[in-house]
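Reminder, nothing fancy here: chain letters follow the sequence lines and each chain counts from 1. Source: prediction; values computed, not measured.
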Amino acid sequence: MQEKEDLEVKEEKISLNFLERIIEDDLANGRVPDNTIVTRFPPEPNGYLHIGHIKSICINFGLADKYGGRCHLRLDDTNPEKEEQEYINAIKEDLKWLGFDWGTHEYYASDYYQNLYEIAVRLIEEGKAFVDSLSAEEMKEYRGTLTEPGKNSPYRERSIEENLRLFEEMRQGKHAEGTHILRAKIDMSSPNINMRDPALYRIKFAHHLRTGDKWCIYPMYDFTHPISDALEGITHSICTLEFEDHRPAYDWATSIDGIDHTPRQYEFARLNISYLIMSKRRLLQLVQMGIVTGWDDPRMPTISGIRRRGYSPESMKDFINRVGVAKVESVVDYSLMEFCVREDLNKRAERLMVILDPIKIIIDNYPEDKVEYFEAVDNPEDPNSATHQIPFGRELYIEREDFMEVPPKKYHRLYPGNEIRLKYAYYITADSVVKDDEGNITEVHCTYDPLSRGGTTPDKRKVKGTSHWVSATEGVSIEARLYDKLFLTENPGKATGNYLDDLNPDSLVVVPDAKAEPEILNAKVGDYLQFIRNGYFCLDNKENQDGKLIFNRTVTLRDSWAKMKKKMGI
RNA sequence: UGGGAUGUAGUGUAACGGUAACACUGCAGAUUCUGGUUCUGCCUUUGGGGGUUCGAGCCCCUCCAUCCCAGCCA
């Protein structure tokens, strides 16, 4: 009991975001039916979910979880021309990957087509809706502008009987698309354009994923969404800022006679991240134009993209948590997201030695055919980490950048006469180099100190550099795909107006023949790996059917040496 | 020039009338068998102007700036 009180006191100290405050206030004042918070995540299945959606998902599922309520998944499928089953499948898979469970509460706006239709008929009967026969262009003229009120449609005063007959004919498919439309009678002079007799139903002779050809009239968002919320018993309908203007329409619809549940709409600022584009329309363009290989290309900010890239769901949820929830339009630094990914992966990734850009070193005083094994910890961040064996031999690969004939200041790695440690193995000193006809270094000859076995020496002498390495004879070849940002600028397209102008030509660099320690053959899809000093990687989840393994770089390690080089002008 | 919103370090978010803070970024240093990690320190903040109050980031007035809205999209 005491413990529980302490806990509550503690929780009170944690500041609430504005949505939590609203909910706690509603709960405290008995405004929530059954004291059960019901939220919903309502994606339209017209594209893949992206990082921006994660925020909405975390808010809706998170709030339901925190206050012991539930969150519905509702696919908002009211526009059959844009929606596809592939997207529905992807949305559900992405949600599961993030670890959210909607239980049996999987709904579709199309589940309510019959209800919606009946409500529309009732509105007509009550004189609150009418069939308009203005063309789209005429309707636009009648709508007025932002600063001028609109005018009533000449069809606004049609008789109830005529409206009923026309709407029924629309439903029966007797009228062509665009010839008639059902509109609410609200107020053409409203300063809020959404209240100027909004469209309720339009004619569309389109095959619907779920209702097939049953309907040729489809309800509009402003009509469908609030009523769907009401029918499902949603208490808090949380959406993004651009729907603020629609709240009066939302309240209008949920106040229609016969609707006995009143959800409330609240708006928060959508997530923007520098260097990323977060618009389904533009992401679709990238796919269609072939700029990326698909919605799940590891460079895409889609959930399936970042999953394939190797981001963990935990790191993304942590990121969303750190970003917070507010009503201010903002752009979060890309670096915060990378920080969250690295922080999580640092704790969980198995370390492996992989050489991306190999240069061969030969240890002249090491026996020719000898192979010995060294023990490596899988993850030094984990005190209980398992270990694995790494084969060592006379000929090894190290990174090309780990050897320099003429080193700059503060360079701590291999150069003639300098001693470094080969991680877990021996100290070596570079003696000489062999070059090809063009002057490229093909071999570095070294000497090792047998007393340094295991990486330390009896005399405790220090070396400033430690390099990772792979046996030239025992190592295996893999393909590494080095991904970087898709765009070069923080706000793609800001300078020229066309985001495609800011594409990063080096967003993917393929290393077809990287050298890896044999342990890598145990890697499975979904494993988080760190290639020591090269970054976090994961096995590609798509193109690994046979042959050479393909690894995607999730994110690089922080690189203070690169910063220093830049500063020194190297 | 209609309506709706929003302004706190470079970026995000707290502070709920009582000493403006946390994280990321950046910078400097220490530690390290990853130039990673970890640790330490530093930098910079209430859009402007009035008012109320003993006291204002918070309340009031005013100005300014930014974002959203004129789909038979959501």
Scan [X] against the nucleic acid and name what it touches under 4.0 Å (heavy atoms): base, sugar-phosphate only, or nothing.
X: A:H412; value: base
X: A:K565; value: nothing
X: A:R421; value: base
X: A:Y411; value: base
X: A:D245; value: base
X: A:E244; value: sugar-phosphate
X: A:Y218; value: nothing
X: A:L241; value: nothing

If only side-chain N and O atoms of [X] are considered, is one of them under 4.0 Å from the OP1 or OP2 phosphate oxygen of [N]?
X: A:T145; N: B:G2; value: no
X: A:K563; N: B:C27; value: yes
X: A:T78; N: B:A74; value: yes
X: A:R342; N: B:U38; value: no

Watson-Crick or G-U wobble mate for [N], both contacts under 3.5 Å:
N: B:A20; answer: none
N: B:A14; answer: none
N: B:G2; answer: B:C69
N: B:G41; answer: B:C27
N: B:G36; answer: none
N: B:A56; answer: none
N: B:U46; answer: none

In whole angstrom, give the distance that lies between atom [atom1] of [X] and atom [atom2] of [N].
X: A:K347; N: B:G36; atom1: NZ; atom2: C1'; result: 15 Å
X: A:M195; N: B:G4; atom1: CE; atom2: P; result: 13 Å
X: A:L336; N: B:U25; atom1: CG; atom2: C1'; result: 9 Å
X: A:K567; N: B:G26; atom1: NZ; atom2: P; result: 11 Å

Test for a donor-acceptor pair under 3.5 Å between the base of [N] and the side chain of [X], counting only N and O atoms.
X: A:E329; N: B:U66; result: no
X: A:R351; N: B:U34; result: yes
X: A:N192; N: B:G2; result: no

Taking the six-membered ring for Trp, are [X] and [Y] parallel (under 30°), tilted (30 to 60°) or perpendicular (over 60°)?
X: A:Y448; Y: A:Y426; value: perpendicular
X: A:Y250; Y: A:H225; value: tilted
X: A:H72; Y: A:Y107; value: tilted

Between [options], spot the one nearest the side chain of [X], thanks.
X: A:A136; options: B:U25, B:G4, B:C72; result: B:C72
X: A:P191; options: B:G3, B:C69, B:U6; result: B:G3
X: A:V332; options: B:G12, B:C69, B:U37; result: B:G12
X: A:P380; options: B:G36, B:G12, B:G4; result: B:G36
X: A:N346; options: B:C27, B:G71, B:G36; result: B:G36
X: A:K423; options: B:C72, B:U34, B:A14; result: B:U34

Taking only distance into account, with no hydrogens and no angle test, what donor-acceptor pairs under 3.5 Å do side-chain atoms of residues 561-570 of chain A form with protein atoms, sequence neighbours excluded?
none

In whole Å, measure the gap between the [atom1] atoms of [N] and [M] for me.
N: B:U6; M: B:G26; atom1: C1'; result: 28 Å
N: B:C61; M: B:U44; atom1: C1'; result: 31 Å
N: B:C59; M: B:G4; atom1: C1'; result: 23 Å

Next item on the list: Measure the CG-OG distance between A:L49 and A:S56 for me, rounded to the nearest 0.5 Å.
Entry: 9.0 Å
Checklist line | Side chain to side chain, A:D187 and A:P149, heavy atoms closer than 4.5 Å | finding: no
Checklist line | Option from A:K174, A:H175, A:E169 for which side-chain hydrogen bond (donor to acceptor under 3.5 Å, both in side chains) with A:Q172 holds | finding: A:K174
Notebook entry, point to check: Of A:Q530 and A:F18, whose nearest nucleotide on RNA chain B comes first from the 5' end?
Noted result: A:F18
Note to self: Could you check whether A:K485 makes a cation-pi contact with A:Y275, meaning its NZ or CZ is under 6.0 Å from the centre of the six-membered ring and within 45° of the ring axis?
What the structure shows: yes
